[in-house]
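Here is how names work: the chains are called A, B, and so on, in the same order as the sequence lines, proteins then strands, and each is numbered from 1. Given the structure is predicted, the values throughout are model-derived calculations rather than measurements.
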Amino acid sequence: MKLSQSVDFTQTNIFPAVSGAVITLSDDAGHSETLSETSVAGQYQGRTVLGQPGRRYTLRVQAGGQSYVAASTLPAPVVPLTGLHAQKSNSGNNIQLVPEYQDPAGVPNFYLFRQYRNGLLNPAIFLQDDEFTDGKANIRALGGGGRGNSGGGSGTDVNKLATGDSVRVEMQNIDSTAYGYFRTLNLLLQNNPLLSTTPANPRTNFSGGAQGYFSAHSRRQRTLIVPTL
Amino acid sequence: MPAGTYTVEASFVGYQAQPRHLTLTKSQRLDFRLSAGGQELNEVVVTGRAGQVNVSRAQSGVETLDIKQIAKVPVLFGEKDVLKTLTLLPGIKSAGEGSSGFSVRGGSVDQNLILLDEATVYNASHLLGFFSTFNSDAIKDLTVFKGGMPAQYGGRLSSVVDIRMKDGNDQAFHGSGGIGLIASRLALEGPLVKNKGSFLVTGRRTYADLFLKLSRDATTRSASLYFYDLNAKANYTFNDRNRLYFSGYLGRDVFGVNNFGTNYGNQTATLRFNHLFSDRLFSNTSLIFNKYSYQITIQSNDQDFSIDSKIQDFHLKQDFEFSPSTRQTLRFGVDAISHTITPGHVTASAAAPVNATPDRTNHSLETAAYVSHEWSATDKLDFTTGLRLSEFSLLGAGDYSTYDTEGNVLTTTHYNAGQFIKNYLNLEPRLAASYQLTDNTSFEAGYARNVQNLHLLSNSATTLPTDLYVPTSLNVRPELADQLSAGYYRRLGANHTYSFSAEVYYKWLQHQIDYRDGTQLQANQDVEASLLYGKGRAYGAELLLRKETGRLTGWIGYTLSKSQRQYTDINSGAWFNYRQDRPVDLSIVAIYQLSPKWSLSGTIVGSSGQAVTYPIGKYMVAGQVVNLYGLRNADRLPPYERIDVGATYEKPHQEGHRFHSSWNFSIYNLLARENAYSITFQQDPNDPTKTQALQTALFRMVPSATYNFSF
């Protein structure tokens, strides 16, 4: 759990950590604990309340005389990441990764992917859902994930994939409120100046006026050495 | 004409004049047959049409643009465009640089009823709005009603833009055309039966894709990118009392790259029958079809899928005009429109990576009856009193839901085909009175209510081909606008060279529609859950000084206005500025005939920037710096300023040749000012600890040349 403050728009990007907050994590099976602050200011960690697919978790934060509450369900079943392959992007010479998984039919599912190139996290947030692909084996590549990073890294060179790279992909099964947060966060990060859509804060699952998210999710990962394409 | 004794003289060049005396007691018809001969022609006097402002008519908020008038006004890429030129008039603002969308008196883009020979054109733009669908070769004129719409018009809150296509020449075959930077045009016209019927066919196509063929990249070479417009019109006069018209339009934008393709466009067809029952009773019957559709296709081996969407109308209209006396005209009629809307609908082959979606086509019926009475109570006082009764019915088949204020489904009901799901009945009074103070001065005041039952949802500042149309439904109520307006009109100068008008208005808007922040409109299967309903207000003053005769013609328009909205769930229920709220707007248009060969033109445009939302802070989440936003539209883009210039060279006419040609040169944004289209905020790539503002400008300086010809 990371807690920090927003700053004024003109200031440098240093966000003061919020120390000394009282944070409790509970689930719908009667477990509860208070998260303790780690050696890093503003970072809190729990020990006893563990993740169980299907359980609903509630996070309560008390800081600065305010309280903020968010809830998230750990999705069940956890969808296995069965494979990972690389392909050329449709439009150019970029390399994209395709996570292979079988979407469970009949239930809405939401996925979030993070991509690490040679150990370095690509800040792009890749999202997939099954609104139009319920029950299908996935063939969609990781693309369009935020701040100019389309197609797994046509953005900055540091994230652009090349033959021989070691890439790790992490797949998270997230719930609909977390998906709603990241989808609207991406809308904001990818705001196309030509569409000049009216920007708005993402749909947070926190009450009390905080920005950010609380997500209970599973995590699967696979690593691939990018072949010659 | 009052009964009495008259002398009527018929004359024509090269024929003997023939006067006849008659005593008029009832309507009668006279035929003259002139015999050849008569005097040699000494002098030719050519006169133009009278000035625009007819100060004695009870109609405010009306402007007319003649295609001939605007032909020389400089425009982007040299493509004459009635909709772009329209935004140079007071009270009409472009939705954004290069956009065909426009806002009238603080309304939204979808609140304008755009009619092409009576057929509704839903998306009047090509190439993301840089061009309108109206090929100037096919257009005769355009009338825009900004307020006080006559009762025969209905269906939109802000304006009616009535565009009429040219009738072909019924005497001889002629052609015209042009070659421009972006597109080429060709028009052919001539008699079907001399003096009885004529036709006009025009075509326009862009050729940007020809340049793509020059690319070194194979993908770019195989890409397609073009649009075209085809217009056709024919008319036939059976006899003095019966006349038939047909007009049609077909236009499409096509874009394709690799296995991805998209196309969109409009089709319209109008069949119109005019019948004169008597000298006092005129009838017009129209049968109209129009359709806007888009299609997105992805083809790869056997994994094809496509997204289709359309909005289609069948429209039957019957209008009568009855003039019981010279002081009165009564107009009345009925109309019925059957709408069919298919929101983005996915069809997919079995092996496709996506599933087909259920077809959510909805049907609705929009009917209206109106009566309007124009009455000259005295020589100075005129009244126009109108009433429109409009009814909207949502029809089955389909599943329709109701929602709570949070957007959660309360009930879902299945309705059968043809079943009336919900009816809305509205009365729309339209009143206007004008008083003529002197020969040159008049006042006018009016009130009008308008109702709108089709609503456009767009998540762009302008419009996109994939924007979503939703009908009035169980949850969406008809949008209402009440407008009070008043105007002062005056003709100035010797021979009434100048006309001046000053108009003020106040508009109340109800049941306006917006959507929750972050709503995905494309392919949204349940968009009504995301809608918000609120109200609006708009007010302003518009000044227009026009000069229509002489070597220098043009106008100066100045607008002061305000447009705001209020929604419970936006800005905590406080009033906020509407996106198109630009309090000050100035436009100057001038055309100067330098010599018989050369004419010069220029426009100056200046306005306040659009209302936009800037961040008020920033924070860190998921490893990224994210902007924090406060109140919607609390900020404003920098002011917009632009100067365009143009010159037209007309090759002197050679005797005995019917071929004419001219060159038109123009420079859009002469001063290359980088007007802010949008301002976005991002992490500085050179210094990630800082945030930078990024201004996007669309067009700096765009020179263009067009060659036009006619024969």
Contact summary for A/Thr198 and B/Arg579, nearest pair of heavy atoms: OG1-NH1, 4.1 Å
Highest number of heavy-atom pairs under 4.5 Å with chain A among B/Ala622, B/Gly623, B/Gly630 belongs to B/Ala622
Run the side chain to side chain contact (heavy atoms under 4.5 Å, CB included) check on B/Val621 and A/Tyr213 step by step: do they pass? CA-CA 8 Å; B/Val621 80; A/Tyr213 69 97; 4.0 Å; yes
Please determine whether side chain to side chain contact (heavy atoms under 4.5 Å, CB included) holds for the pair A/Lys2 and B/Met620, giving the CA-CA distance in whole Å, both sets of side-chain angles, and the decisive distance to 0.1 Å. CA-CA 10 Å; A/Lys2 288 184 186 171; B/Met620 177 72 87; over 6 Å; no
B/Thr696 versus chain A, heavy atoms under 4.5 Å apart: side chain, backbone, both or neither? side chain
Any chance CZ of A/Arg60 has more than 12 other-residue heavy atoms, nucleotides or ligands included, within less than 6.0 Å? no
Tell me, for A/Thr12 versus chain B, whether the close heavy atoms (under 4.5 Å) come from the side chain, the backbone, both or neither. both
When only pairs under 4.5 Å are counted, which of B/Leu698, B/Asp517, B/Asn355 shares the most heavy-atom pairs with chain A? B/Asn355
Interface moiety of B/Val354 toward chain A, non-hydrogen atoms closer than 4.5 Å: both
Looking at A/Pro199, is its backbone amide N or carbonyl O close enough to the side chain of B/Arg632 to form a donor-acceptor pair, meaning the two atoms are under 3.5 Å apart? no
Contact origin within A/Thr184 toward chain B - heavy atom pairs under 4.5 Å: side chain
Measuring heavy-atom distances to chain B, does A/Leu185 have an atom under 4.5 Å in its side chain, in its backbone, in both, or in neither? side chain
Are more than 12 heavy atoms, taken from residues, nucleotides or ligands other than A/Gln45, located less than 6.0 Å from that residue's CD atom? no
Residue part contacting chain B, namely of A/Phe132, when any heavy atom lies under 4.5 Å: both
Check: A/Pro123 main-chain N/O paired with B/Gln624 side-chain donor or acceptor under 3.5 Å: yes
Mark yes or no for whether A/Asp8, through its side chain, and B/Gly617, through its backbone, hold a donor-acceptor pair below 3.5 Å. no
Which region of B/Ile616, side chain (C-beta onward) or backbone (N, CA, C, O), has a non-hydrogen atom less than 4.5 Å from a non-hydrogen atom of chain A, or is it both or neither? backbone
Tell me, side chain or backbone of B/Asn633 under 4.5 Å from chain A's heavy atoms, or both, or neither? side chain
Structural part of A/Arg140 lying under 4.5 Å from a heavy atom of chain B: neither
Could you tell me which non-hydrogen atom of B/Lys618 sits nearest to which non-hydrogen atom of A/Gln11, and how far apart they are? NZ-O, 2.6 Å
CZ of A/Arg183 to OG1 of B/Thr519: how many Å apart, nearest 0.5 Å? 7.0 Å
Go through it in stages, so that I can follow the logic: the residues are B/Phe681 and A/Phe9, the test is ring-ring contact (aromatic ring centres under 6.0 Å, His included), and I'd like the CA-CA distance, side-chain angles, deciding distance and then a yes or no. CA-CA 10 Å; B/Phe681 296 81; A/Phe9 195 73; 5.0 Å; yes
Quick one: closest heavy-atom pair of B/Tyr629 and A/Ala200, and the distance? CD1-C, 4.4 Å
Does atom CZ of A/Arg56 have more than 12 heavy-atom neighbours, drawn from other residues, nucleotides or ligands, at distances under 6.0 Å? yes
Quick one about B/Lys690 and A/Asn13 (side-chain donor to acceptor, distance below 3.5 Å, no hydrogens or angles considered), yes or no? no
Looking at chain A, which one of B/Ala356, B/Ala348, B/Pro615 has the largest number of heavy-atom pairs inside 4.5 Å, strictly under? B/Pro615
